[in-house]
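These notes are about the structure you will find just below.
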Amino acid sequence: MPGYGDSPPAEMTGTAHGRRTFLDHVLQELGMQRPVLVSPSMSGRFALPFLLAHGDRLAGFVPIAPVGTKDYTAEQYRGVQTPTLILYGDRDTGLAPQALKNLQHLPEHRVAVLPGAGHACYLDKPEDFHQALLGFLSQLK
C-alpha cells in the first residue's frame, strides 16, 4: 500500500476519498468485475471507503480486523448490502473487538473466529483461515 512499509507515499491516498479512488483505479486496471475484497489490518483505510461507496461492485467483503472501522457510523454500515465475512483471531484483543463492534452493523454479515490466532490470523492458522474463506466464497452468487 502506498506510504506503508517501503512503499513510497502517494499524494492521492492522504484522504478517504483518495484511498477509495486509488483502490478503484487498481481494480479497474486489473480488469476485475465484482471481486471479493479481502482486507486485513491497515488495508481497511482503503477497503472501507470503497465498500461504503461502491459495495454494490463487490461480490463479497472479508475484513480481517481492519483499521478505520470507527471512522464510520452504524447507519453508514447498515446501508451496505455486500455479503461480508468478518474474520479474526481470538487472541487479537486490540483491533478485532473494535472492528467487530462496528462491522456487525453490516446487514449481510457473518462472523468467523479463529481460535488460537492473533491479529495476523491468516498466518497463525492458515488452514483454518482458508477453510473459513473458502466456505464463504462457496456461498456467494
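Val38 and Leu123 fall within a single hydrophobic cluster, where Ile, Leu, Val, Met, Phe, Trp and Tyr side chains are chained together by heavy-atom contacts under 4.5 Å. Under a hydrophobic clustering in which Ile, Leu, Val, Met, Phe, Trp and Tyr are joined whenever their side-chain heavy atoms come within less than 4.5 Å, directly or via other members, Leu133 and Met32 fall into different clusters. In terms of hydrophobic clustering, with Ile, Leu, Val, Met, Phe, Trp and Tyr side chains grouped at heavy-atom distances under 4.5 Å, Phe22 and Leu27 are assigned to a common cluster. One hydrophobic cluster, built from ILVMFWY side chains closer than 4.5 Å, holds both Leu58 and Leu30. Under the 4.5 Å side-chain heavy-atom criterion for grouping Ile, Leu, Val, Met, Phe, Trp and Tyr, Leu137 is connected to Ile64 within one hydrophobic cluster.
With hydrogens and angles ignored, the 3.5 Å screen pairs no side-chain donor or acceptor of Arg91 with any backbone N or O of Ala117.
Using a 4.5 Å heavy-atom threshold, the side chains of Val80 and Phe61 count as separate. By the 4.5 Å heavy-atom criterion applied to side chains, Leu51 and Thr82 are counted as neighbours. Residues Phe46 and Val26 have side chains not in contact (no heavy-atom distance under 4.5 Å, counting atoms from C-beta outward). Using a 4.5 Å cut-off on side-chain heavy atoms (C-beta onward), Leu87 and Tyr122 make no contact. In this structure, Pro66 and Leu103 have side chains that are in contact, with non-hydrogen atoms separated by less than 4.5 Å. Using a 4.5 Å heavy-atom cutoff, the side chains of Pro63 and Thr84 are in contact.
Interatomic distance, Arg78 CZ to Thr73 OG1, rounded to the nearest 0.5 Å: 8.0 Å. In this structure, the separation between NE2 on His25 and CZ on Arg20 is 10.5 Å, given to the nearest 0.5 Å. The OG1 atom of Thr15 lies 12.0 Å from the CZ atom of Arg45; values are rounded to the nearest 0.5 Å. Expressed to the nearest 0.5 Å, how far CD of Gln139 lies from CG of Leu85 amounts to 9.5 Å. The structure places CD of Gln28 at 10.0 Å from OG1 of Thr21, a figure rounded to the nearest 0.5 Å. The distance from the OG1 atom of Thr69 to the CD atom of Gln104 is 10.5 Å, given to the nearest 0.5 Å.
Atom CD of Gln81 sits in a crowded spot, with more than 12 heavy atoms from other residues, nucleotides or ligands closer than 6.0 Å.
The existence of a salt bridge linking Arg57 and Asp24 is confirmed by a sub-4.0 Å separation between a basic side-chain nitrogen and an acidic carboxylate oxygen.
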CA sep, side-chain torsions, deciding dist, call: Leu100, Val113, side-chain contact (heavy atoms from CB on, under 4.5 Å): CA-CA 11 Å; Leu100 178 61; Val113 181; over 6 Å; no

For Tyr72 and Asn102, run side-chain contact (heavy atoms from CB on, under 4.5 Å): C-alpha distance rounded to whole Å, both residues' side-chain angles, the deciding distance at 0.1 Å, then the answer. CA-CA 8 Å; Tyr72 305 98; Asn102 297 310; over 6 Å; no

Tell me, with the steps shown, if Leu48 and Asp71 meet side-chain contact (heavy atoms from CB on, under 4.5 Å). CA-CA 9 Å; Leu48 292 168; Asp71 297 343; over 6 Å; no

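Contact record, Gly60 with Leu140: CA-CD1, 4.3 Å, taken as the closest heavy-atom pair. Considering all non-hydrogen atoms of both residues, Asp92 and His119 come closest at OD2-ND1, 2.7 Å.
Just one residue in the list Leu95, Leu114, Val111 forms a side chain to side chain contact (heavy atoms under 4.5 Å, CB included) with Tyr88, and that residue is Val111.
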